[in-house]
Peer 1: 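Sharing a structure, written as structure tokens. Questions coming.
Only this structure's heavy atoms are used, side chains among them; waters, hydrogens and symmetry mates stay out. Chain letters run A, B, ... following the sequence lines, proteins first and then strands; every chain starts at 1.
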Amino acid sequence: DAGITQSPRYKITETGRQVTLMCHQTWSHSYMFWYRQDLGHGLRLIYYSAAADITDKGEVPDGYVVSRSKTENFPLTLESATRSQTSVYFCASRQGSYNEQFFGPGTRLTVL
Amino acid sequence: AQSVTQPDIHITVSEGASLELRCNYSYGATPYLFWYVQSPGQGLQLLLKYFSGDTLVQGIKGFEAEFKRSQSSFNLRKPSVHWSDAAEYFCAVGDGSEKLVFGKGTKLTVNP
């Protein structure tokens with residue numbers, strides 16, 4: 001199906017483990033984004049990418065790694081998960097600089 | 001840097017009543033403004049956007065918003081709320097660069 005998908009939708013992991021959240025979009029949008037959503041903080045930008053092989057830090061990048069080898073995929077890796085990274089993670093994409101962002105359904109991550 | 005304030009964390013209205021959700025932004029030039037809605041367990045869906053032109057913007061689901069430069073506001077309105085409108089609403093501002101800045105959201109409860 002066309003659109004933006006995230007996997008897994010739910011994930012429970014333990015402190016110290018590596019976790020990768022996947023994001024895939026079928027529109028060939030140039031821009032892709034990762035946000036985390038926490039109560040009282042709204043949406044905060046973790047990383048974004050303007051094109052394949054171009055990534056940049058957002059507001060809260062510490063503890064996260066991203067890559068973008070293909071336009072349609074933008075995985076987010078927690079190299080050593082911590083409890084403070086328990087959150088709902090949203091991926092988004094956008095075509096061009098003056099358009100709205102389209103959001104995926106989110107991944108609920110729990111770090112025990 | 002731009003910022004967004006949604007003064008109301010939680011609003012309760014009766015079904016059929018009118019609704020206004022407040023959004024104030026801080027940005028030196030003409031901003032790009034968005035309202036998104038998030039139903040429980042879902043991603044964010046765009047309700048409407050303002051880039052330029054007519055300051056009264058019509059969106060989906062019967063929502064509208066008015067851009068008031070003098071008040072740095074972009075309030076969301078609906079004349080008659082339906083139970084299905086219960087959700088969380090986010091205002092966002094962009095400057096044409098890669099990033100959007102989101103407010104912390106307003107949760108809407110609709111009483112029957």
Peer 1: Should Tyr36(B) and Tyr32(B) be regarded as members of a common hydrophobic cluster, given that ILVMFWY residues are connected when their side-chain heavy atoms come within less than 4.5 Å of each other, either directly or indirectly?
Peer 2: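 In one cluster with Tyr36(B): Tyr32(B), yes.
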
Peer 1: So which bits of residues 103-112 of chain B come within less than 4.5 Å of chain A, counting non-hydrogen atoms only?
Peer 2: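 Within residues 103-112 of chain B, near chain A: Gly103(B), Lys104(B).
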
Peer 1: Under a 4.5 Å cutoff for heavy-atom pairs, which residue among Ala92(A), Pro105(A), Gly58(A) has the most contacts with chain B?
Peer 2: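 The option with the most such pairs is Pro105(A).
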
Peer 1: Using every non-hydrogen atom in the two residues, find where Ser67(A) and Pro75(A) come nearest and quote the distance to one decimal.
Peer 2: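 Taking Ser67(A) first and Pro75(A) second, the nearest heavy atoms are O-CD, 3.3 Å.
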
Peer 1: Kindly say whether Thr77(A) contributes a backbone atom to a donor-acceptor pair with the side chain of Thr20(A) at under 3.5 angstrom?
Peer 2: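 No.
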
Peer 1: Check whether any side-chain heavy atom of Arg69(B) lies under 4.5 Å from a side-chain heavy atom of Phe74(B), and answer yes or no.
Peer 2: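 Arg69(B) vs Phe74(B): side chains apart.
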
Peer 1: Where do Thr71(A) and Ser28(A) land on the side-chain hydrogen bond (donor to acceptor under 3.5 Å, both in side chains) test, with the steps shown first?
Peer 2: CA-CA 6 Å; Thr71(A) 299; Ser28(A) 298; over 6 Å; no

Peer 1: Check whether Glu59(A) gets within reach of chain B through its side chain, its backbone, both or neither, counting any heavy atom under 4.5 Å.
Peer 2: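 Contact with chain B: none, neither part.
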
Peer 1: For the residue pair Trp34(A) and Tyr89(A), does the interplanar ring angle fall in the parallel (under 30°), tilted (30 to 60°) or perpendicular (over 60°) class?
Peer 2: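 Plane angle over 60°, so perpendicular.
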
Peer 1: Check the angle between the aromatic planes of Phe102(A) and Trp27(A) and answer parallel, tilted or perpendicular using the 30° and 60° thresholds.
Peer 2: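 Phe102(A) and Trp27(A): tilted rings.
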
Peer 1: Below 4.5 Å, heavy atoms only, C-beta onward: do Tyr47(A) and Tyr64(A) meet side chain to side chain?
Peer 2: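 The answer is yes, as the side chains (C-beta and beyond) meet within the 4.5 Å cut-off.
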
Peer 1: Tabulate, in ascending numerical order, the residues of residues 38-47 of chain B having at least one heavy atom closer than 4.5 Å to a heavy atom of chain A, or enter 'none'.
Peer 2: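 Residues Gln38(B), Gly41(B), Gln42(B), Gly43(B), Leu44(B), Leu46(B) are the ones that qualify, each having a heavy atom under 4.5 Å from chain A.
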
Peer 1: Within the structure provided, determine whether Leu48(B) and Ile60(B) are in side-chain contact (heavy-atom separation under 4.5 Å).
Peer 2: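 Of all side-chain heavy-atom pairs linking Ile60(B) with Leu48(B), none is under 4.5 Å.
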
Peer 1: Only one of Asp38(A), Thr110(A), Thr107(A) passes side chain to side chain donor-acceptor pair (under 3.5 Å) with Ser87(A); say which it is.
Peer 2: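 Exactly one option meets the side chain to side chain donor-acceptor pair (under 3.5 Å) with Ser87(A), and it is Asp38(A).
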
Peer 1: Side chain, backbone, both or neither: which part of Arg44(A) has a heavy atom under 4.5 Å from chain B?
Peer 2: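 Answer is neither: Arg44(A) stays 4.5 Å or more from chain B.
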
Peer 1: What orientation do Phe103(A) and Phe90(A) show, parallel under 30°, tilted 30 to 60°, or perpendicular over 60°?
Peer 2: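 If you compare the ring of Phe103(A) with that of Phe90(A), the planes turn out perpendicular.
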
Peer 1: Between Leu39(A), Leu43(A), Asp56(A), which has the largest tally of heavy atom pairs under 4.5 Å with chain B?
Peer 2: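 The candidate making the most pairs under 4.5 Å is Leu43(A).
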
